[in-house]
There are 2 protein chains.
Amino acid sequence: MKLKEFAKQLGLSPTTVSRALSGYPEVSEVTRARVVQEAVRLGYRPNVNAVRLKTGRVGAIGVVMGRAGEFHFAEFMAGMAERLITEDTDILVIPMANPESDAEMQLYRRLAESQRVDAMIVHSPRPNDQRIALLHELGMPFLVHGRSDIDVPHPWLDIDNEGAVRRATSHLIDLGHTRIAMINGRQGATYALHRDIGYRSALQSHGIEVDPQLIVNGNFTDELGFRFARSFLEQPKRPTAFVAGSMMTALGIYRAARSLGLQIGSDVSVIAHDDVFPYLTADNMVPSLSATRSSMRAAGTRCADLVLQILAGRSPLEIHELWPVELILRESTGPVRALQA
Amino acid sequence: MKLKEFAKQLGLSPTTVSRALSGYPEVSEVTRARVVQEAVRLGYRPNVNAVRLKTGRVGAIGVVMGRAGEFHFAEFMAGMAERLITEDTDILVIPMANPESDAEMQLYRRLAESQRVDAMIVHSPRPNDQRIALLHELGMPFLVHGRSDIDVPHPWLDIDNEGAVRRATSHLIDLGHTRIAMINGRQGATYALHRDIGYRSALQSHGIEVDPQLIVNGNFTDELGFRFARSFLEQPKRPTAFVAGSMMTALGIYRAARSLGLQIGSDVSVIAHDDVFPYLTADNMVPSLSATRSSMRAAGTRCADLVLQILAGRSPLEIHELWPVELILRESTGPVRALQA
DNA sequence: TCCGTCAACCAAATCGATTTCAATTTGGTT
DNA sequence: AACCAAATTGAAATCGATTTGGTTGACGGA
């Protein structure tokens with residue numbers, strides 16, 4: 001059913017019908033009601049592509065999906081979905097080319113120029129992230145999930161990674177730990193940098209020297225958590241505590257400790273970051289995992305919300321949200337038991 | 001840069017330019033080469049929305065995302081993304097309303113009628129899944145990931161859930177287990193049903209009576225795995241083995257067993273289904289987890305591929321792919337140690 | 001009565017491509 | 001040289017909406 005045909009059935013012009021459905025004021029309430037009602041009855045829906053061509057609006061928010069297929073990502077998207085379900089907007093997932101490469105930039109450029117999305121969300125930004133410069137330059141509305149130091153103004157929502165890790169580390173220090181290993185995320189992303197800063201500043205403000213040997217970076221997998229933790233724990237001057245980037249990493253650390261006969265919470269303390277997953281919870285680990293905690297899903301919801309606001313006209317420049325991160329202490333942290341040799 | 005303008009710069013008509021870029025044969029190779037080259041140089045790209053309006057094709061495959069934000073989903077999508085990265089097609093994620101409700105059907109109807117996607121992928125179908133009937137009726141191309149018993153022809157890709165669980169269960173029986181608990185997925189989906197059938201048929205063909213008390217259904221979470229396993233293991237006539245629906249469930253079972261001082265692999269055997277995640281692998285669990293194994297990511301890639309084939313004209317009716325599932329034995333399975341009272 | 005205002009509606013232009021149908025050029029035959 | 005088929009190229013219609021710039025008629029005030 002096309003507009004023309006539908007309008008004819010109603011004895012109205014396409015103009016009036018279009019206005020009635022889009023909520024323009026120049027149409028009488030009586031007519032509008034009739035149009036709306038008949039539209040439902042006859043099943044008329046404007047052709048999306050025609051609307052898009054004419055208005056230039058697409059009704060979709062773009063998200064570039066990393067190849068790693070990170071588990072965080074699904075949570076974030078679920079959050080976005082929750083917010084967008086009432087809106088007439090959907091999520092366009094774009095497979096990502098290799099990061100840092102020309103291909104990645106070209107992908108963003110193509111996307112911005114191809115009018116396939118109204119706005120984009122940039123994930124895991126780097127300190128000097130050219131994607132942000134590009135989108136800004138191209139005039140594509142966007143929101144950064146995370147932060148960047150690039151000197152281009154950009155709206156962002158981020159969690160307080162630095163503060164979270166500082167508190168976590170400080171807490172471990174308060175418990176008497178001095179050799180604290182840091183299993184951070186992949187080098188490059190700002191969040192990893194911020195966590196690194198938080199870790200170092202906590203040590204320094206307590207007068208503890210930073211041992212670069214105790215800092216490692218890598219993907220958030222059980223596998224890497226295990227390997228790093230294992231090699232740390234096999235050292236003669238082994239760490240007595242860990243700060244870890246994710247729940248999966250924590251699983252690996254638990255496993256490594258167990259494999260060496262060490263007790264989590266007494267021989268070794270662990271604090272990890274918990275993005276809050278429905279299927280795996282820090283409270284349920286054994287022993288329960290102390291964690292810095294911030295919901296990825298909630299972030300997704302809020303990001304979608306902010307993007308909608310930007311599209312509705314809110315100035316992006318004023319959007320900077322820094323979310324605090326809870327530190328929840330459970331059983332995986334405890335005082336140092338004995339001084340290591 | 002619009003087509004008209006671009007064509008003028010080249011001294012050609014829009015018609016020829018359009019043809020040259022779309023690869024029509026009626027344009028000389030010399031001209032085509034020039035057009036293509038200049039398009040790159042001047043940065044001309046056809047306006048997607050105009051193309052869509054005119055051709056009726058959208059360049060997007062729709063996937064309805066459950067609210068649970070399951071971890072499988074991200075893997076599946078990552079797989080799709082891998083296949084689609086070379087194509088000019090993207091993934092449209094649609095937030096899902098409550099399943100089984102009117103809202104869900106309306107969502108599918110709206111989607112099919114709104115021309116926002118060229119095709120859809122239906123997940124976790126139920127035995128009598130009205131979504132399939134609806135899409136078929138509406139003429140929207142689609143592919144079912146999983147299977148349905150509905151008497152509407154539909155293309156599908158599924159893994160051999162029944163066979164996988166039958167083999168897993170049979171193997172446990174061969175090891176001497178007779179009380180085998182089954183922690184299945186949410187009731188309703190066909191895959192859960194198939195697994196149930198596989199489980200029962202294995203028992204029956206070995207002359208073991210099915211104890212309905214040993215069969216439970218629920219989401220794939222560590223939490224539920226723990227609770228179910230715990231309550232099973234506290235029974236006087238406790239099971240000596242588990243067949244579980246997911247890695248998360250297995251984590252929960254491990255935890256439950258440990259909390260009761262039981263050894264996985266000797267006191268209690270476990271086989272779970274492994275969808276193959278980059279961040280959590282069966283091999284790395286302690287003890288390593290025996291699993292029926294099939295890659296969700298590979299399924300996503302293949303599904304995307306099949307959908308593209310359907311869109312390219314392949315008859316959907318002939319598309320039925322049943323993927324075998326590997327059974328990989330590791331340390332979590334072993335012979336029954338002692339007969340329980 | 002006449003005019004201005006306002007509410008309600010409409011005709012036609014427009015968005016930017018694709019594609020049908022027709023025109024032109026090229027090259028080969030006789 | 002004349003003709004025809006094949007190879008190229010174009011003009012204009014089309015996809016289905018939105019929106020600009022009207023028109024119409026009712027009503028109130030002068």
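We use all heavy atoms of the structure for the numbers below, so side chains are in, but hydrogens, waters and symmetry mates are not. Quick note on labels: first sequence line is chain A, next is B, and so on, each numbered from 1.
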Parallel, tilted or perpendicular: which describes the rings of H123(A) and F76(A), with under 30° parallel and over 60° perpendicular?
-> perpendicular

Could you give the [atom1]-to-[atom2] distance, from [X] to [N], as a whole number of Å?
X	N	atom1	atom2	result
E5(B)	dC15(C)	CD	C1'	15 Å
K2(B)	dT18(C)	NZ	P	15 Å
K8(A)	dA17(D)	NZ	P	14 Å
L3(B)	dG16(C)	CG	P	11 Å
E29(A)	dC9(C)	CD	P	11 Å
R34(B)	dT8(D)	CZ	P	14 Å
R52(A)	dG16(D)	CZ	P	15 Å
L53(A)	dA17(C)	CG	P	9 Å

Indicate, with a heavy-atom threshold strictly under 4.0 Å, whether R32(A) touches base, sugar-phosphate, or nothing.
-> nothing

Looking across every strand, which nucleic acid part, if any, lies under 4.0 Å from R45(B) by heavy atom: base, sugar-phosphate, or nothing?
-> sugar-phosphate

Does the side chain of [X] get closer than 4.0 angstrom to OP1 or OP2 of [N] through an N or O atom?
X	N	value
Y24(A)	dT20(D)	no
T55(A)	dA17(D)	no
S13(A)	dC10(C)	yes
Y44(B)	dG16(C)	no
S18(A)	dA17(D)	no

Comparing nearest nucleotides in DNA chain D, the 5'-proximal residue of the pair N47(A), P25(B) is P25(B)

Starting at the 5' end of DNA chain D and moving along, which residue's nearest nucleotide shows up first, M1(A) or P14(B)?
-> P14(B)

What's the closest nucleotide to the side chain of [X] if the choices are [options]?
X	options	value
T16(B)	dT19(C), dT8(D), dG10(D)	dG10(D)
T15(A)	dC10(C), dT18(C), dT18(D)	dC10(C)
R19(B)	dT20(C), dC15(C), dT18(D)	dT20(C)
S28(B)	dT14(C), dG10(D), dT8(D)	dT8(D)
S22(A)	dT19(D), dA17(D), dT18(D)	dT18(D)
E26(B)	dT8(D), dT18(D), dG16(C)	dT8(D)

Re dT30(C): Watson-Crick or G-U wobble partner, both distances kept under 3.5 Å, found to be dA1(D)

Below 4.0 angstrom, N of the basic side chain to O of the carboxylate: do [X] and [Y] qualify?
X	Y	result
R57(A)	D118(A)	no
R41(B)	E38(B)	yes
R32(A)	E29(A)	yes

Just do the side chain to side chain donor-acceptor pair (under 3.5 Å) check on T15(B) and S18(B) with the steps written out, would you?
-> CA-CA 5 Å; T15(B) 310; S18(B) 171; over 6 Å; no

Tested for side-chain contact (heavy atoms from CB on, under 4.5 Å) against I61(A), the lone hit among D90(A), L92(A), L84(A) is L84(A)

